[in-house]
Protein chains: 2
Amino acid sequence: MRTRDPRKESALREKAMAMVVKDGFDGLSMQKLAKAAKVSPATIYIYWKDRDDLILQLYADAFRKMSEQTLQDFDSTASFKEGLRVQWKNRARYCMENPIESHFMEQVKFSPLHDRAQAGIDSEFMRTMKAFVKGAIARGELVKVPVEVYWSVAFAPLYQLVKFHKHGRGMPGSGPFSLDDKTLNTTLELVLKALKP
Amino acid sequence: MRTRDPRKESALREKAMAMVVKDGFDGLSMQKLAKAAKVSPATIYIYWKDRDDLILQLYADAFRKMSEQTLQDFDSTASFKEGLRVQWKNRARYCMENPIESHFMEQVKFSPLHDRAQAGIDSEFMRTMKAFVKGAIARGELVKVPVEVYWSVAFAPLYQLVKFHKHGRGMPGSGPFSLDDKTLNTTLELVLKALKP
DNA sequence: CAATAATAAATGAACGTTCACTTATGGTCA
DNA sequence: TGACCATAAGTGAACGTTCATTTATTATTG
């Protein structure tokens, strides 16, 4: 029995995400992907059922990786402030170190595939995050608000900063922008201020 | 000389945005669009140069409308708090009253077309927003931070709430979610707290 | 009548996917 | 050890369909 060549699969994964990031989902054609990864179009269908299955699996794997890295060194018994700080640092680091993968995730998030992509994921991650919020509220370290309000205030600013960074510039008409530790901390402090009871 | 039928153009505009919202940019095919708007495919090319031109013009018009509505009743001499409140209310109202149009804008924003789409826009809107921020900082009503940090904290939470609302549910695994005035105000208060010096 | 709107039909290219086929390899038996 | 076989990996060319766009022609109106 012939064995699979793992380099083929990883080449396909890499090129597929790069194509989506560069040209959107329109830009991901199976034949162009095959050419970019130097395999036959038919080979893709050995690894994935079809185009959607490929995208969905790429998303699921990226999500798993992002989740793990975001909760690295996260101590659920620590204070809210410390917990959120760790999550911010980790998430920012993940985005910086895996720009294509994280950009790809964002593309899926804002596509009609997002529902199906999220559906196939058992989210330990989400459960941990929610427990963190509930605990912090119970201990009086966090203003008592619906979880959606919390999420919007706690993380949306971070995502926006990362988006500015990825784009290389800030507001339209502004000069170049690069997300450094100082900017990240400044923003985190504002968010912590907002969420303090 | 024969005159254009404005109903054809508006049908095309409406159906085009609806198709992008429903199925993403993959889903916007010129032939399907023609069928949906009950015109010949060739008719589309009377109104727009090509597919990209169509999308770019739809975006430019939507952006203009959004800008106008966001700054409706906005008084640049009022306090920062009141100014931001007006902007939030207006923006939220625009999104609620024009769900397809605003969703379409978001799709463009997260697509590779975004740069070209923004490039063709003379943004009076952005200039007003920036002047508002600068003035508020100068008057000591707003914490002194880079404009990107301000933007991330001041508006990203609003966009996230609208996204939850459009999606009809909050965090994955949570129940239904609907953005009401109370939730909007709660979040705005948190943001104002964050941005107060 | 001149000019433009609007169309039906057609264009070649690109799409996702499959088919018929070849190649490589771990296990089996000598 | 080495020949052989079953099995899955991998391929190039082709499938029918749909894509964006154009062409040739007709319809409408200032």
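Here is how names work: the chains are called A, B, and so on, in the same order as the sequence lines, proteins then strands, and each is numbered from 1.
Counted by atom type alone, A:Q57 and A:Y47 present zero donor-acceptor pairs between their side chains at under 3.5 Å. Donor-acceptor pairing under 3.5 Å is recorded for the side chains of B:E101 and B:Y94. Side-chain contact annotation: A:N98 with A:H103, donor-acceptor N/O pair under 3.5 Å absent. Residues B:K166 and B:S102 have side chains that bring a donor and an acceptor to within less than 3.5 angstrom of each other. Side-chain contact annotation: B:S152 with A:K163, donor-acceptor N/O pair under 3.5 Å absent. Side-chain contact of B:R91 with B:Q69: a donor-acceptor pair under 3.5 Å is absent, judged by distance alone.
Residue-environment remark: CZ (B:R7) stays at or below the threshold of 12 foreign heavy atoms within 6.0 Å.
When the side-chain nitrogen and oxygen atoms of A:K8 are compared with OP1 and OP2 of D:dA8, none of them lie within a distance under 4.0 Å.
Using a 4.0 Å cut-off between charged side-chain N and carboxylate O, B:E68 and B:K65 make no salt bridge.
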query: Which letter, B, S or -, goes with each nucleotide of nucleotides 20-30 of chain D from 5' to 3', with contact meaning a protein heavy atom under 4.0 Å?
result: BBBB---BBBB
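When DNA chain C is scanned 5' to 3' for any atom under 4.0 Å from a heavy atom of chain A, the first and last hits are C:dC15 to C:dG26.
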- prompt: For DNA chain C, what dot-bracket results from Watson-Crick or G-U pairs at under 3.5 Å, with [ ] for crossers and | for inter-strand partners?
  reply: ||||||||||||||||||||||||||||||
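Separating the CG atom in B:D52 from the CZ atom in B:F25 is a distance of 9.5 Å, to the nearest 0.5 Å.
With rounding to whole Å, A:Y47 atom OH is found 14 Å from D:dA8 atom P.
The hydrophobic cluster containing A:L188 also contains A:V86, counting ILVMFWY residues as joined when their side-chain heavy atoms lie under 4.5 angstrom apart, directly or transitively.
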